[in-house]
Amino acid sequence: MKSAVIVYPGSNCDRDAAVAIERVTGHAPTMVWHGESSLPEGLDFIMVPGGFSYGDYLRCGAIAARSPITADLIKQAEAGVPILGVCNGFQILIEAGLLPGALMRNEGLHFVCERAPLLVETSQTRFTSGYGDTKELTIPIAHHDGNYFADTETLDRLEGEGQVAFRYGNNPNGSARDIAGITNANGNVLGMMPHPERAVDAKHGGTDGVKLFESVMGSVQ
Amino acid sequence: MKARVHVYLKPGVLDPQGQAVATSLNHLGFEEVSAARQGKFIEIDLETADAEEAQKRVAEMCDKLLANPVIENYDIELSA
């Protein structure tokens, strides 16, 4: 499986993402600097990692989303390549217009950092198919701006079309309808606040994230 | 020419930071404060003297980067 991780100034989960991808798929991803104008050809998977791109200036993810690499990222999304954005990566995908809504400051104003119960809302996506009948996961969260917001019409559409992939078991940030992760209409772009790449090792945070990467790998083979 | 851009949350969008500011002001004895909304102020220097063109360009800047149309509105003030 050929994959890439995009690296922005201020990314800090890019190496965790690379380790998780290599551990699960057996192949190390190409690390791509955001200033590049194109991604490698023939990718099976692209990950937009978490962190604090551009120090969260202006709005989280706003400046990173206007990076030179974004034009090609959008092209790859339109071509159906699976793209996963985690935490700041989710914020970047939203700011780039690849996913609907907005991620606002947590309702309680606190940075939340804990292992959180996460509910798999549907296993009918290429990112969650491997979870099968498993409904509840434990995945670490660590964010200050994860409060998902969208107008009622958009929320209804997301729910109606099966685009809500994950919900929080115990809403930590005020997200509308407990939403923790959503896919685009085509189902090849997933954004989520929890960190599956931090849950691929029994000694560090559990292994509940492994199946997400396995699902993607299964979907491209 | 200078553009002063105010970016602020749309009515109805929850503003926990504004709420915290209002509560803090209440605690300081400003009991008359019933609500606060927090936004952003961005001052931009422009190499142009054409106000109409500047207005158009700054609006484009707001739409493309400075504001998030899902949750925010903006106002533009131009001065020489």
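Note that the coordinates shown come from a computational prediction; the quantities given were computed from them, not determined experimentally. Chain naming here is simple, since letters A, B, ... match the order of the sequence lines and numbering starts at 1 in each.
Heavy atoms closer than 4.5 Å to chain B are found in both the backbone and the side chain of L58(A). Using a 4.5 Å cut-off between heavy atoms, R105(A) contacts chain B through both its backbone and its side chain. Neither the backbone nor the side chain of D151(A) comes within contact range of chain B, judged by heavy atoms closer than 4.5 Å. Looking at Q19(B), neither its backbone nor its side chain comes within 4.5 Å of chain A, counting heavy atoms on both sides.
Rounded to the nearest 0.5 angstrom, L65(B) CG and R59(A) CZ are separated by 6.0 Å.
Annotation: E53(B), atom CD; neighbour count of heavy atoms from other residues, nucleotides and ligands within 6.0 Å is above 12. Within 6.0 Å of the NZ atom in K56(B), the count of heavy atoms belonging to other residues, nucleotides or ligands does not exceed 12. Residue-environment remark: CD (E43(B)) exceeds the threshold of 12 foreign heavy atoms within 6.0 Å. With a 6.0 Å radius and a threshold of 12 heavy atoms from other residues, nucleotides or ligands, K75(A) has its NZ atom at or below the threshold. Heavy atoms of other residues, nucleotides or ligands lying less than 6.0 angstrom from CD of E153(A) number 12 at most. Summarising the local packing, CZ of F111(A) is surrounded by more than 12 heavy atoms from other residues, nucleotides or ligands at distances under 6.0 Å.
Residues A102(A) and N68(B) share a closest heavy-atom pair of CB-ND2, 3.7 Å. Pairing each heavy atom of F149(A) with each of I71(B), the nearest pair is CD2-CG2, 3.3 Å.
Contact of the M104(A) side chain with the L14(B) side chain is not registered, since no non-hydrogen atoms from C-beta on lie closer than 4.5 Å.
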